[in-house]
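This report refers to the structure that appears directly beneath it.
Owing to the predicted nature of the structure, the values given are computational and were not obtained by experimental measurement.
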Amino acid sequence: MSYELPALDYDLKALEPHLSSEILELHHGKHHKAYVDGANGTLKKLADARSKDDFSAINQLQKDLAFHLSGHVLHSLFWKNLGPEGGGDPSGGIADQLNKDFGSIDAFRKQFDAAALGVQGSGWAALSWEPIGQHLLVHQVYDHQANFGQGTTPILVLDMWEHAFYLQYRNVKADWVKGYWNIVNWQDVDQRLAKVRKAPAAV
Ligand code: MN
């Protein structure tokens with residue numbers, strides 16, 4: 001089995017002016033593609049290691065697998081979280097859950113924005129469902145794979161790597177975060193919440 005780069009549900013220009021077609025083309029076609037290729041390449045190296053019974057590079061290979069696979073998962077989710085008809089305020093189940101878990105939509109957004117803008121180096125902000133407590137949590141994800149709770153499922157993510165915004169927003173990260181809220185597809189997030197709520201906790 002090998003991983004594949006998923007097609008976008010919208011045209012490269014569909015998210016402008018908040019996300020330029022130049023960034024979207026590079027981000028999806030080059031950066032996301034590199035994670036897909038990296039995950040496939042690492043799985044092949046692990047198969048080679050097993051066939052040769054040579055695990056001398058195991059630590060690097062396991063790190064590479066986590067990095068590339070997590071990059072593929074987060075970017076696949078990120079594209080689905082965005083849409084040309086996005087923006088505005090959430091409604092329905094996702095709005096009720098955000099109000100319950102964060103006090104208000106506004107308080108959620110402030111925490112999510114602070115988490116996104118506070119990422120040191122490369123990483124993401126993520127809104128994730130945590131099935132043991134049956135609640136939503138915000139996480140800062142370092143790189144693609146570190147610093148989030150085991151067993152949680154992200155339903156809304158924001159890419160804060162420089163490749164996600166620098167060509168358009170330069171160093172003004174806060175404007176990228178503002179632009180992001182204009183293209184968030186809340187219906188997608190609402191559907192994801194409805195689905196993950198039904199999933200059993202791992203422990
Ligand atoms: Mn990215």
Side-chain angles (χ1 to χ4, degrees), residues 8-32 35 70-71 73-129 135-144 146-148 152-193:
L8 295 171
D9 294 335
Y10 34 79
D11 295 338
L12 291 174
K13 287 183 185 298
L15 304 179
E16 291 188 343
H18 309 292
L19 180 55
S20 75
S21 58
E22 185 184 20
I23 290 182
L24 188 52
E25 185 172 21
L26 284 167
H27 197 173
H28 174 258
K30 303 288 185 191
H31 291 276
H32 186 172
Y35 303 128
S70 300
V73 170
L74 286 176
H75 284 90
S76 300
L77 174 57
F78 185 52
W79 308 133
K80 294 283 187 188
N81 283 163
L82 305 179
E85 310 297 324
D89 290 318
S91 58
I94 183 66
D96 294 343
Q97 194 72 47
L98 287 169
N99 279 313
K100 180 165 175 267
D101 294 336
F102 294 90
S104 68
I105 305 291
D106 194 44
F108 153 69
R109 274 202 180 142
K110 282 182 178 166
Q111 182 179 341
F112 190 90
D113 287 0
L117 292 170
V119 170
Q120 295 173 326
S122 297
W124 299 70
L127 174 69
S128 301
W129 178 250
H135 56 177
L136 290 165
L137 299 173
V138 168
H139 287 118
Q140 273 180 331
V141 182
Y142 283 100
D143 292 330
H144 302 306
N147 204 42
F148 63 93
T152 62
T153 304
I155 61 170
L156 173 68
V157 292
L158 167 53
D159 194 334
M160 293 304 293
W161 284 56
E162 284 191 345
H163 69 228
F165 62 86
Y166 206 84
L167 282 174
Q168 184 176 358
Y169 292 98
R170 302 298 173 190
N171 60 326
V172 191
K173 287 186 187 182
D175 284 355
W176 159 229
V177 173
K178 269 186 213 156
Y180 167 79
W181 290 118
N182 289 311
I183 49 176
V184 164
N185 178 356
W186 280 112
Q187 285 180 336
D188 176 71
V189 185
D190 188 47
Q191 287 164 9
R192 286 176 194 284
L193 175 65

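Scanning both residues, Leu156 and Asn81, for their nearest heavy atoms gives CA-OD1, 3.1 Å. Counting all heavy atoms, side chain and backbone alike, Ile94 lies closest to Val189 at CD1-CG1, 3.8 Å. Scanning both residues, Phe102 and Ala107, for their nearest heavy atoms gives O-CB, 3.4 Å. Smallest separation of non-hydrogen atoms from Ile23 and His163: CG2-O, 3.9 Å. Of all heavy-atom pairs spanning Gly118 and Gln140, the tightest one is C-NE2, 3.4 Å. Closest approach of Val138 to Ala115, counting heavy atoms only: CG1-CB, 3.8 Å.
Ring centroids of Trp124 and Phe78 are separated by less than 6.0 Å, placing the two rings close together.
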- Message: Between Leu24 and Leu8, is the side-chain contact (heavy atoms from CB on, under 4.5 Å) condition met? List the steps.
- Response: CA-CA 10 Å; Leu24 188 52; Leu8 295 171; 4.0 Å; yes
- Message: Run Leu136 and Ser128 through side-chain contact (heavy atoms from CB on, under 4.5 Å) and show every step you take.
- Response: CA-CA 5 Å; Leu136 290 165; Ser128 301; over 6 Å; no
- Message: Between Gln120 and Tyr142, does the side-chain contact (heavy atoms from CB on, under 4.5 Å) criterion hold? Intermediate values first, please.
- Response: CA-CA 8 Å; Gln120 295 173 326; Tyr142 283 100; 4.1 Å; yes
- Evaluate side-chain contact (heavy atoms from CB on, under 4.5 Å) for Leu12 paired with Glu22, printing each intermediate quantity in order. CA-CA 8 Å; Leu12 291 174; Glu22 185 184 20; over 6 Å; no
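Rounding to the nearest 0.5 Å gives a distance of 7.0 Å between CG of Asp159 and CH2 of Trp176. Note that OH of Tyr169 and CG of Leu19 are 7.0 Å apart. Values are rounded to the nearest 0.5 Å. Rounded to the nearest 0.5 Å, atoms CG (Leu82) and OH (Tyr180) are 6.5 Å apart. The CG atom of Leu127 sits 4.5 Å away from atom CZ of Phe108, with the distance rounded to the nearest 0.5 Å. If you take OG1 on Thr152 and NE2 on His139, they are separated by 5.0 Å, rounding to the nearest 0.5 Å. Taking CG of Asn185 as the reference point, atom CZ of Arg192 lies at 9.0 Å (rounded to 0.5 Å).
With a 4.5 Å cut-off on side-chain heavy atoms, Gln97 and Trp129 count as touching. Between Asp190 and Pro90, every side-chain heavy-atom pair lies at or beyond the 4.5 Å cut-off. A 4.5 Å side-chain heavy-atom check between Trp181 and Asp113 finds at least one atom pair inside the cut-off. Leu77 is listed as a side-chain neighbour of Pro154, based on a closest heavy-atom distance under 4.5 Å.
Other residues, nucleotides and ligands place no more than 12 heavy atoms under 6.0 Å from the CD atom of Gln187. Residue Lys80 places its NZ atom among 12 or fewer non-hydrogen atoms of other residues, nucleotides or ligands, all under 6.0 Å distant.
Side chain to side chain, His32 and Trp79 meet the donor-acceptor criterion of an N or O pair below 3.5 Å. Counted by atom type alone, His75 and His144 present zero donor-acceptor pairs between their side chains at under 3.5 Å.
At least one donor-acceptor pair under 3.5 Å links the side chain of Trp186 to the backbone N or O of Gly88.
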